[in-house]
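Only this structure's heavy atoms are used, side chains among them; waters, hydrogens and symmetry mates stay out.
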Amino acid sequence: MPVAHAAASLRDRRAHRSLRAPSRGPSVFIVILLLLVFFLTGGVSGLWVALDVRNSATRLERWHVRNLDLRAQASGRLGPHDRLLTATGFRVVGGVLALIGFGMILAPLIAALLG
């Protein structure tokens, strides 16, 4: 009788253990928090440039032209340089960055809420 009782008790403990959720520990929480901060920062900064808050796209364009001038001067080229992006191009890139940043945050939240 005690052997049967011990076997039943062992079966109950195994069944109870299988019902518990696996412990993920604090490392998964830290990774999720870091990704959230990373994508939130990217989304906010992209939105800042896309909406041209405080002329940020125009300032980026001026900074880009100045860097191209310095690079041409350092290499000894005196001709005109090729501009890669204008203020409008910086705004488009900022908008894409904002969509990606906020999309990477909202997509898992919407999936968790719906399913």
Side-chain angles (χ1 to χ4, degrees):
M1 187 87 167
V3 174
H5 179 67
S9 174
L10 182 63
R11 250 184 289 132
D12 291 341
R13 274 190 265 145
R14 284 184 185 161
H16 180 67
R17 192 178 308 144
S18 67
L19 293 177
R20 275 189 291 171
S23 64
R24 294 188 178 148
S27 62
V28 173
F29 176 73
I30 291 171
V31 169
I32 290 173
L33 189 64
L34 285 175
L35 286 174
L36 183 67
V37 168
F38 175 73
F39 288 124
L40 187 62
T41 304
V44 169
S45 63
L47 194 62
W48 184 276
V49 173
L51 296 177
D52 201 19
V53 177
R54 297 177 68 185
N55 293 326
S56 58
T58 308
R59 290 180 184 183
L60 280 172
E61 180 185 17
R62 279 191 240 137
W63 176 71
H64 176 64
V65 169
R66 178 72 179 137
N67 279 342
L68 288 175
D69 288 339
L70 289 174
R71 190 177 300 156
Q73 183 181 8
S75 65
R77 288 182 283 129
L78 300 176
H81 50 73
D82 296 329
R83 288 175 55 176
L84 298 176
L85 284 176
T86 61
T88 305
F90 277 112
R91 291 181 76 179
V92 169
V93 170
V96 169
L97 183 65
L99 287 175
I100 290 172
F102 290 130
M104 293 298 275
I105 292 171
L106 293 177
L109 291 176
I110 291 171
L113 289 175
L114 293 179

#### Entry: Gap separating the CG atom of L36 from the OG1 atom of T41, nearest 0.5 angstrom
9.0 Å

### Message
Are there over 12 heavy-atom neighbours, none belonging to L78, within less than 6.0 Å of that residue's CG?
### Response
no

### Query
Do N67 side-chain atoms and R71 backbone N/O form a donor-acceptor pair below 3.5 Å?
no

#### Entry: Residue pair G46 / A98: nearest heavy atoms and the distance that separates them
C-CB, 3.8 Å

### Task
State yes or no: do L47 and I105 share one hydrophobic cluster built from I, L, V, M, F, W and Y residues joined by side-chain heavy-atom distances below 4.5 Å, directly or via other members?
yes

### Query
If two hydrophobic side chains count as joined below 4.5 Å and joins carry through other members, does L51 share a cluster with V44?
yes

### Message
Is the shortest side-chain heavy-atom distance between F102 and L40 below 4.5 Å?
### Response
yes

### Query
When rounded to the nearest 0.5 angstrom, what is the spacing between CG in L70 and NE2 in H81?
10.0 Å

### Task
Mind checking the CD-CG spacing from E61 to L84? Nearest 0.5 Å is all I need.
11.5 Å

### Message
Check for me, please, whether F38 and V31 land in the same ILVMFWY cluster - side-chain distances under 4.5 Å, paths through other members count.
### Response
yes

### Query
How far apart are the closest heavy atoms of A50 and G94, and which atoms are they?
CB-C, 3.8 Å

### Query
When hydrophobic residues are tied together by side-chain contacts of less than 4.5 Å, even through go-betweens, does V96 share a cluster with M104?
yes

## Note on the structure
When rounded to the nearest 0.5 Å, the distance separating CZ of F29 from CG of L34 is 10.0 Å

### Task
Can you see which heavy atom on A87 is nearest to which on A57, and at what distance?
O-CB, 3.6 Å

### Query
What distance do D52 atom CG and R91 atom CZ have between them, rounded to the nearest 0.5 Å?
4.5 Å

### Task
State, yes or no, whether a side-chain contact exists between R54 and W48 at a heavy-atom distance under 4.5 Å.
yes

### Message
I want to check something: taking the side chain as every heavy atom from C-beta on, are V93 and V49 in contact at a cut-off of under 4.5 Å?
### Response
no

### Same apolar cluster (I L V M F W Y, side chains within < 4.5 Å links), L85/L60
yes

